[in-house]
Amino acid sequence: MADQFTPRVFSGIQPSGGLTLGNYLGAIKRFVDMQAAEFETIYCMVDLHAITVWQEPADLRKNTRELCAGFIASGIDPKQSILFNQSQVPEHTQLAWIFNTVARMGWLNRMTQFKDKAGKNRENSSVGLFAYPALMAADILIYHATHVPVGDDQKQHVELTRDIAAKFNHDYGVDFFPITEPVIEGAATRVMSLRDGSKKMSKSDASDMSRINMTDDADAIAQKIRKARTDPEALPSEAEGLKDRAEARNLVNIYAALSDQSVDQVLSDVGGKQFSEFKPMLADLAVTKLSPISGEMARLMDQPDEIDKILARGSERARELAAPILKKTYEIVGMVG
Ligand code: TYM
C-alpha cells in the first residue's frame, strides 16, 4: 500500500540525556545513510515522549540541544533533513488524541517497553507512559511516513503504528494512512552491554563501563573496550561460530557496523585472532569514528543560539507537512468540512 505515498522517512530519539553507541549505530548512523538515499528525511527530538518519565526542566532543555548537536555532528544536514523537537509541532499531539481513540487497551497492555519501564510500579507510572505508543504512531503518520529506521527494541511500537493506521483506515472506510515499514537493518540493530551480552546497551544501566557514550573521550572509549567482557576462545571465521557467544558477537557486530562491513567480511579478516589482538583493533576503529563526532558535538554545544535557530526552522518546515494531514484527518473523522 505504501506505493501511493511519497517515500518519506521519519524517526525520533528521546532527549533524555546520554546518547550511547547503541543510539548511534542502531539509529543515527542509519538516519545519515537514509538521508543520502532517495528519501525525504524527518528526524525528531521527542521531548513529549521523554517527559513520560520525570525530566528536570533545565536538563530537558540541555539534552534537547545536545541531541540536536549529536545529529548534526554525525552527519545529519539540517538543510536537507528536517530536524526539530516534537513539542513545537502541535499536530503530533492533536493526531495522538485521535489515535488514543483508535488504539485498544489490550494492544497497549502488550507493549514490552511499557512493562519494562513501569516495572512493578505500574499503578504509579504516568498515563503518558502507557499511551506513549499512540503518540509515536502520530509522530510517524502525521507525515504519512513510509519508512521508520529504528533499533530492534522499537519494532513492536512500529508494528502497533501499522495496526493503528489499518484500523483507522478500516473504521472510516478510507485509504488515508500508509502502512509504514520498520527499517531494522545492519549489523548493530541491537547493541548489547559491554559487561553483559544478554542486556541491551542503555543509558540507564547503573555501570558506565557497560556503554560507550557519544561524549566519551578517546581514553574512555579504549578503556571500556579493553575491559569489555569476552570469552577465552579465538574469534571464528564465520558468523555461525558466534551463535552462543553473546559478548563476542556484540563486539564483532560493533566492529562491522562502525566499519560499514558485514559480519562475514569482518570475520574473514579477524577469524582466528584472540581478543587480546581484536580489542585494540576495535578500540582504534571506535576512537577514529567517534572522536570527531564528540569533538564536533562539543563545538556545537557552545553555540546554543545556532541550535535553537535550526530547531525553530525545522519545526516550521515540519508544520507545513503536518497541518494539511491533520486537517484532512479532522474531515475524515467528521469534525470539520
Ligand atoms: P530511544 O530514544 O529509546 O532510542 C532512540 C533510537 O536508538 C535505538 N537504540 C538502539 N539501537 C541498537 N542498540 C541499542 N542498544 C539501542 N538503544 C537504543 C532505538 O531503537 C531507537 O531507534 N520510542 C522511541 C522514540 C520515538 C520514535 C518515534 C522512533 C518516538 N517517536 C517515531 C521512531 C519513530 C524511543 O524511545 O527511542
Side-chain angles (χ1 to χ4, degrees), residues 8-32 34 41-53 55 60 63-64 66-67 70-71 74 84-87 89 92-93 95-96 99 111-114 116-117 128-129 131-162 164-165 180-205 210-214 246 249-250 253-254 256-258 318:
R8 189 177 277 165
V9 169
F10 180 94
S11 199
I13 299 189
Q14 299 191 61
S16 42
L19 273 180
T20 69
L21 182 66
N23 297 128
Y24 177 65
L25 294 178
I28 301 180
K29 185 169 186 296
R30 298 172 49 233
F31 299 173
V32 177
M34 292 189 96
T41 41
I42 308 172
Y43 298 125
C44 184
M45 279 123 267
V46 290
D47 48 8
L48 295 166
H49 277 117
I51 62 163
T52 58
V53 298
Q55 307 289 324
L60 182 63
N63 290 335
T64 302
E66 189 172 271
L67 178 54
F71 274 117
S74 304
F84 71 106
N85 54 327
Q86 188 187 29
S87 58
V89 179
H92 288 237
T93 29
L95 184 62
F99 287 169
M111 294 295 112
T112 54
Q113 181 168 304
F114 174 70
D116 289 348
K117 284 202 176 177
L129 188 65
Y132 181 116
L135 176 60
M136 180 158 158
D139 296 339
I140 296 168
L141 295 173
I142 196 68
Y143 302 102
H144 277 184
T146 53
H147 295 78
V148 178
V150 279
D152 187 60
D153 61 342
Q154 294 301 313
K155 185 165 183 236
Q156 195 185 32
H157 286 159
V158 183
E159 281 164 359
L160 187 93
T161 299
R162 293 163 63 92
I164 290 177
T180 306
E181 291 294 332
V183 186
I184 304 172
E185 285 169 1
T189 54
R190 193 170 178 81
V191 178
M192 307 309 280
S193 155
L194 299 178
R195 307 301 299 162
D196 176 351
S198 68
K199 285 204 316 207
K200 200 181 68 167
M201 182 181 283
S202 160
K203 61 189 157 209
S204 47
D205 195 299
S210 71
R211 63 181 159 263
I212 293 175
N213 305 299
M214 293 304 287
R249 186 170 62 238
N250 189 38
N253 285 348
I254 292 173
L258 281 172

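All ligand and atom numbering here is 1-based and tracks the order in the structure. Given the structure is predicted, the values throughout are model-derived calculations rather than measurements.
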Exercise. Would you say the side-chain atoms of Asp153 and Gln113 include a donor-acceptor pair closer than 3.5 Å?
Worked result: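 There is no such pair between these side chains.
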
Exercise. Are Asn63 and Asp47 side-chain neighbours, meaning at least one heavy-atom pair lies under 4.5 Å?
Worked result: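 Not touching, per the 4.5 Å side-chain cut-off.
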
For this session: Collect the protein residues that have a non-hydrogen atom under 4.0 Å from ligand 1 and hand them over in chain and number order.
Result: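 Residues within 4.0 Å of ligand 1: Phe10, Ser11, Gly12, Ile13, Gln14, Gly22, Asn23, Gly26, Ala27, Val46, His49, Tyr132, Met136, Asp139, Ile140, Val148, Val150, Gly151, Asp153, Gln154, Ala188, Thr189, Arg190, Val191, Lys200, Met201.
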
Exercise. How far apart are the C-alpha atoms of His92 and Tyr143, what are their side-chain angles, what is the distance that settles it, and do they pass the ring-ring contact (aromatic ring centres under 6.0 Å, His included) test?
Worked result: CA-CA 9 Å; His92 288 237; Tyr143 302 102; 5.4 Å; yes

Exercise. Can you name the closest pair of heavy atoms from Ser193 and Asp196 and give their distance?
Worked result: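 It is OG-N, 3.1 Å.
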
For this session: Would you mind checking if Lys199 and Asp205 are paired as a salt bridge, meaning a charged N to carboxylate O distance below 4.0 Å?
Result: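 So Asp205 pairs with Lys199 through a salt bridge.
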
Which atom pairs, one a donor and one an acceptor, fall under 3.5 Å between side chains of residues 21-31 and the rest of the protein, sequence neighbours left out?
unit_1: Asn23; atom_1: OD1; unit_2: Thr20; atom_2: N; d: 3.0
unit_1: Asn23; atom_1: OD1; unit_2: Thr20; atom_2: OG1; d: 3.4
unit_1: Lys29; atom_1: NZ; unit_2: Ala257; atom_2: O; d: 3.4
unit_1: Lys29; atom_1: NZ; unit_2: Asp260; atom_2: OD1; d: 2.6
unit_1: Arg30; atom_1: NE; unit_2: Glu185; atom_2: O; d: 3.1
unit_1: Arg30; atom_1: NH1; unit_2: Gly26; atom_2: O; d: 2.5
unit_1: Arg30; atom_1: NH1; unit_2: Val150; atom_2: O; d: 3.0
unit_1: Arg30; atom_1: NH2; unit_2: Val183; atom_2: O; d: 2.4

